[in-house]
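Each remark here refers to the structure printed beneath this line.
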Amino acid sequence: MGVFMPAEKITREKIIHAVLDCAFVKSVGGTSLADIAGRLGIKKASLYNHYSSREAMLDDTVRFCGEYIKKTAFIPSEMEATAKKYSPQTVLKGLVHRWIKLNEKEPLLQIYSFIESEKYFSPEAAAIAAESKQKLIAQTAVALKSLMEAKKISPATENQTVLRSEIFTNMLYSLLDSYIVEKKNFIRSNPQSGDGELFNALPFEPDFTKTDALLEEFSKTL
């Protein structure tokens, strides 16, 4: 693994980023303290200057992920103007493209993978995953209501809008999961890539062909 910074500059946040990178490559369970230390270019014993145990490190990583997710937004701030200007298909495609590309930026993709895998073992991670999903549902509802106000889609009750938002959000999660699988397969098929090159060396663009077709069909139901 590559050396990323001198040992004297190691901070808790940098350790957390190393945890997220290693967990993305090897899974959380498959990530050892040696992996994390190697990612940082330090000795394993140096990690104990910051954390008392691997469990404490993972707990802090969960906390960091929750705080980071709270800062992200699914819909653009100019949602009402966007809904007035574009068709429902274009708006929904734009939201999905934006979200996947947003997740592509470090460290959101790693955070998503980490929380989704840890939610089965950590109540705190499960709460973050549930809160994140509800946030997406609520923001999707805002987008749909903006399209209704712009008279771009049929009027719907509050319950119908929430149901449509849940369907759309579930679709969104499925698309992101598929994208992550494709990205990992791409990385594995390029032996020149190492852990240190995970997000920098390989050009990988999502293929939205199937996604767009799915969104067009969904738009017809609105």
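Treat the numbers as computed from the prediction; the structure is a model and nothing was measured. Computed over heavy atoms, backbone and side chain alike; hydrogens, waters and symmetry mates excluded.
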What residues form a side chain to side chain contact (heavy atoms under 4.5 Å, CB included) with S219, not counting sequence neighbours? Q89, L92

Can you name the salt bridge (Lys or Arg N to Asp or Glu O under 4.0 Å) partners of R12, sequence neighbours left out? D60

Got a sec, which residues hit side chain to side chain donor-acceptor pair (under 3.5 Å) with E55, two or more places apart in sequence or on another chain? none

Apply side chain to side chain donor-acceptor pair (under 3.5 Å) to T72 and list each qualifying residue two or more places apart in sequence or on a separate chain. none

Taking side chain to side chain donor-acceptor pair (under 3.5 Å) as the test, write out the residues that go with T90, two or more places apart. S87

List, by chain and number, the other hydrophobic cluster members for V162, where Ile, Leu, Val, Met, Phe, Trp and Tyr join if side-chain heavy atoms come within less than 4.5 Å, directly or indirectly. none

Pair listing, side-chain hydrogen bond (donor to acceptor under 3.5 Å, both in side chains) test, anchored in residues 162-176, at least two apart: K133-N170

Among pairs that include at least one residue of residues 139-160, which meet ring-ring contact (aromatic ring centres under 6.0 Å, His included), considering only residues two or more places apart or in two chains? none

Taken in chain and number order and not counting sequence neighbours, the residues that satisfy side chain to side chain contact (heavy atoms under 4.5 Å, CB included) with E124 are V62, S122

So salt bridge (Lys or Arg N to Asp or Glu O under 4.0 Å) across residues 140-162, not counting sequence neighbours, yields K145-E158

Shared-cluster residues of Y120, by chain and number - hydrophobic side chains joined below 4.5 Å: F121

Return each pair, listed once, that meets ring-ring contact (aromatic ring centres under 6.0 Å, His included) where at least one residue sits in residues 148-172; pairs must be two or more places apart or across chains. F168-F218

